[in-house]
Amino acid sequence: MQEEVKSLRTDFPGTCALEIYGRSEWGRPLYALRIGDSSRGKNVLFQGAIHGREYITARLLLALGRQWLTKQRPKAMCLHILPMTNPDGVVLCQQGRPHWKANARSVDLNRNFPAGWKTLPRTAAPAAKGYKGPFPCSEEESAALALYTLRFPFWATVSYHASGSVIYWEYGQKQPVNALSKELALSVVRATGYPLAGATGLDAGGYKDWAIEALEIPSLTIEVGRGRAPFLDHEFEEILQRNRHVPDAVARWMHSR
Ligand SMILES: [Zn+2]
């Protein structure tokens, strides 16, 4: 992942900026790639691998980034790619805990954001998945992602997860942002063939939930693949094929607004 992040910057000097926007609990760098002019373009944030075992989404995001850099891009959009929100969790998964989702302190980062956080079970203890943490954004990774999100006027956020092959698009009671989020989701449905999924039964405290409710940014969670992550390498090509037009779909939606 780090090699590809660095070679994207070297291969496309001047078009692709690389920033370390924070450090994980165990000190690993958190990378953001910026493609486009953040002060003039409409900013969009893509993030992946907030759950350790879903690291195929980091590979997917870097492949989408390389593809976006290689072709003619609409100047009106600035794409921010944060490929791996939870690098410690990825390493834990790859080094012997195959179904690990949490970060190094056993907090599930996607239940650690201040959106309905209090409604989540209080008693859950540190674990490989599902523990919401001692307070919202208690973790280096979730705090860094929240601060990064607040730095730019984002038009949309897209979180990649695995698996299920569906798109989640709503949270809470704010109808205007949920309506916009649904329009964005429908644009991605047309590009991927993934169906929309309802919010019933979903946990709160996710990054997308916070972006929708607190910041009123239209936001999606795209679940790639089927079965239980992590996925095998040979499944990657199919996932990439299905998602290759997602940045265009987001750009089209923004253009129509
Ligand atoms: Zn996930």
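A quick note: this is a predicted structure, and the numbers were derived from the prediction, not measured. Every number for a ligand or one of its atoms is a count from 1 in the order of the listing.
No donor-acceptor contact under 3.5 angstrom links the side chains of N110 and H51, judged on distance only. Side-chain N/O atoms of E25 and N103 include no donor and acceptor closer than 3.5 Å. Counting only N and O atoms by type, the side chains of Y31 and Q2 include a donor and acceptor under 3.5 Å apart.
Within the 3.5 Å criterion, the main-chain N or O of K101 finds no donor-acceptor partner in the side chain of D108.
If you look at the Zn ion (ligand 1), the protein N, O or S atoms less than 2.8 Å from it are H51 ND1, E54 OE1, E54 OE2, H161 ND1.
With ring centers used as reference points, H161 lies 6.0 Å or more from Y168.
Counting only heavy atoms from C-beta outward, the side chains of E140 and R105 never approach each other to under 4.5 Å.
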